[in-house]
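Keep in mind that the numbers below use all heavy atoms, side chains included, and drop hydrogens, waters and symmetry copies. Letters A, B, ... are given to chains in the order of the sequence lines, protein chains preceding strands, and every chain is numbered from 1.
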Amino acid sequence: MSDADSAAAAEVGEGARDFIRDIVRADLAAGRSESVVTRFPPEPNGYLHIGHAKSMCLNFGVARESGGRCHLRFDDTNPVKEEHEYIEAIEADVRWMGFDWGAHLYHASDHFETLYAWAEHLIQAGLAYVDDLSAEAIREYRGTLTEPGKDSPYRERPAEESLDLFRRMRAGEFPDGARVLRARIDMASGNMNLRDPVIYRILHARHPRTGDAWCIYPTYDFAHGQSDAIEGVTHSLCTLEFEDHRPLYDWLIANLPVPTVPRQYEFARLNLAYTVLSKRRLIQLVEEGHVSGWDDPRMPTLRGLRRRGFPPAAIRDFCKRIGIAKADNLVEVALLEHCARELLNKTAARRMAVLRPLKVVIENYPEGQTETLKAINNPEDPSAGTRQVPFSRELYIEAGDFMEAPPKKFFRLAPGREVRLRYAYFITCREAVKDAAGEVTELRCTYDPTTRGGDAPDGRKVKGTIHWVSAAHAISAEVRLYDHLFTVPVPGKTGDVLDDLNPDSLTVLEACRLEPSLSQAAMGAPVQFERQGYFCPDPDATPERPVFNRTVALRDTWAKIQKKSQKRGG
RNA sequence: UGGGGCGUCGUAUAAGGGCAUUACACUCGGCUCUGGACCGAGUAAUCGGGGUUCGAAUCCCUGCGCCCCAGCCA
């Protein structure tokens, strides 16, 4: 392969390889398209989720790789369901994902006048007619999956009559549902979409953009492909459920005086385990209060993921890794989590935070004394520098880092055991103080003053290093831990989706103690709480009380070992 | 005999007549002041049955399974 070839391949494919990119490459090579134009076409009736991110990455990605462009187009053909609020939110979410549509922002409603003219064109060509049948009657006449439909009694209506009626529909002479405009194709087709599909319906509803200018609106099928053609879209990429619509898409393009001929290609939508990605389900979760809102950190919405702390670059990486194909899929959450960890590991500042505090008193450390110790901000990034962490006689450590009767592989604190306090001293546990109920409430320990900074001059090693905070200097905070929203990989598969909701998807820890540097510095940035996970500040925080969300936990080998031994032990 | 689509490691994918690829997950080992990260190794797949061929995941035949479609939603 020549340098020019490989450069072109790199530019077009950028390493990514899938059947869509193969088609695009072939079309470019064969001169079928001079340049590539794609579009991301959300309907403004809800918030974007990670499935939309897959579509965005494909559409914007293919365009960028091939030196083309990608439009943002709102499919706003149904004013009954759509709201302006969503338009702004969607634009913000697309930008947050890092995509730029430049000057190419469109709405299907921008094309309403042309679409209307094309509808008249179809009527005049004898390819569309106004039908007076009710919605129920149309359904009955449509037939079933295995039986052909019947022609509507209005199917042979003269073009002039349909034209007159259609104009009067536009003029507002008829109530909602009184009549529709139908394409005249084939009531016996095996493809239901070709059984004279409705292409215009009467809707006396105020449209978010066109206001009261219209009382008839085109359906998706009559708007989407034609909008593609008007905007010069070359490759109209959509999900598999529209495969059946392609013959209709092509029929309309073939029978209308369109300026360009777009082609539709379909790929498999994303399914993510332990969550739902259908707009209907997501709306239900919000409206019925199963989550706190569209931006609940447990939601697979982009707003939810953002609040949870997933960086857009991690989501893009995820989309790249899952690929594009036509087979139904169910992607593991572990992959998304991996993408977040990989990015955050490189970028997140390390801090010490004790989520479930257990008090430790260093008996041989002078009362009232405080010293500061140097801690590294990010071992993966020397340029992140260091910080000072206060140390004193009374500390908090993680309750889980102490066991009274430790099993074999437990490397942390236990009676008589020595561990390292990260960046500080070696300490040895002398006694576990218990309350009346037998619960450990405090640890009495001693420290070795010669191990300041974390290394013993005599070269002795400790197996465990644990995190800590100085009791007197710590700030208190709330930390929210999240688990899957649902308990099963495919919610609703065997019954009501709501029955599969995970009652433990949210854990709120109220009494967390954080190192003081967490009170001010870079509150917007993600941090790693050492040995625990990646966290980000939540907007619920107040100046007095920070709130952190756990984006994703660190890989936890100890938890795995524990689980295994539990299984073995019965 | 409605129409359309899809079946490759546990998951997601690549290869489109010539060594079944890569990543995640998993297992084992190394290293480590995070049981993190990192490094190394390993387990693991072409839906079944025929056929063509020197050679089939790939081509042909046949069977099976799964998904989508009967909105005036998109």
Review point. Among the nucleotides B:rG2, B:rC72, B:rA12, which one has an atom lying closest to any side-chain atom of A:Thr146?
Key: B:rG2

Exercise for review: Kindly indicate whether the side chain of A:Arg269, heavy atoms from C-beta on, has any atom under 4.5 Å from the side chain of A:Glu241.
Suggested key: yes

Exercise for review: Would you check if A:Trp558 stacks with the base of B:rG35, given a 5.5 Å centroid limit and a 30° plane limit, both strict?
Suggested key: yes

Practice item. State which of B:rA37, B:rA74, B:rG2 makes the closest approach to the side chain of A:Glu82. Key: B:rA74

Review point. Looking at the side chain of A:Phe411, which of B:rC72, B:rG35, B:rC73 is the nearest nucleotide?
Key: B:rG35

Check your understanding: Which nucleotide in the list B:rC72, B:rG7, B:rG3 gets nearest to the side chain of A:Val180?
Key -> B:rC72

**Study point:** Pairwise C1' distance, B:rC9 and B:rA20 [rounded to whole Å]
**Key:** 10 Å

**Study point:** B:rA57 and B:rU52, which share atom name C1', separated by this distance in whole Å
**Key:** 16 Å

Exercise for review: Please state the C1' separation for the pair B:rA44 and B:rG51 - nearest whole angstrom.
Suggested key: 30 Å

Review point. Under a 3.5 Å cut-off for both distances, is B:rU27 Watson-Crick or wobble paired, and to whom?
Key: B:rA41

Practice item. For nucleotides B:rA14 and B:rC19, find the distance between their C1' atoms and express it as a whole number of Å. Key: 14 Å

Check your understanding: What distance, rounded to whole Å, do you find between the two C1' atoms, one in B:rG17 and one in B:rU53?
Key -> 9 Å

**Study point:** Whether over 12 other heavy atoms sit under 6.0 Å from A:Arg321 CZ
**Key:** yes

Point to revise | Span that lies between the C1' atom of B:rU43 and that of B:rU11, in whole angstrom | key: 15 Å

Revision key, fill the gap. Checking N1-N3 plus N6-O4 or O6-N4 for Watson-Crick, or N1-O2 and O6-N3 for wobble, each under 3.5 Å, the partner of B:rC73 is none

Practice item. Would you please test A:Ser55 and A:Asn59 for side chain to side chain donor-acceptor pair (under 3.5 Å) and show each step? Key: CA-CA 6 Å; A:Ser55 174; A:Asn59 280 294; 3.3 Å; yes

Revision key, fill the gap. Of the listed B:rA37, B:rG10, B:rC73, the closest approach to the A:Arg201 side chain comes from B:rC73

Study note, to complete from the structure: Out of B:rG5, B:rC72, B:rA74, minimum distance to the side chain of A:Asp75 belongs to B:rA74

Check your understanding: Can you tell which of B:rU27, B:rA12, B:rA70 lies closest to the side chain of A:Asn329?
Key -> B:rA12

**Study point:** Candidate nucleotides B:rC24, B:rG4, B:rC26, ranked by approach to the side chain of A:Arg555 - the nearest
**Key:** B:rC26

Review point. Nearest to the side chain of A:Leu145, which nucleotide is it out of B:rG2, B:rU27, B:rU34?
Key: B:rG2

Check your understanding: Nearest to the side chain of A:Ala334 - B:rA25, B:rA37, B:rU34?
Key -> B:rA25

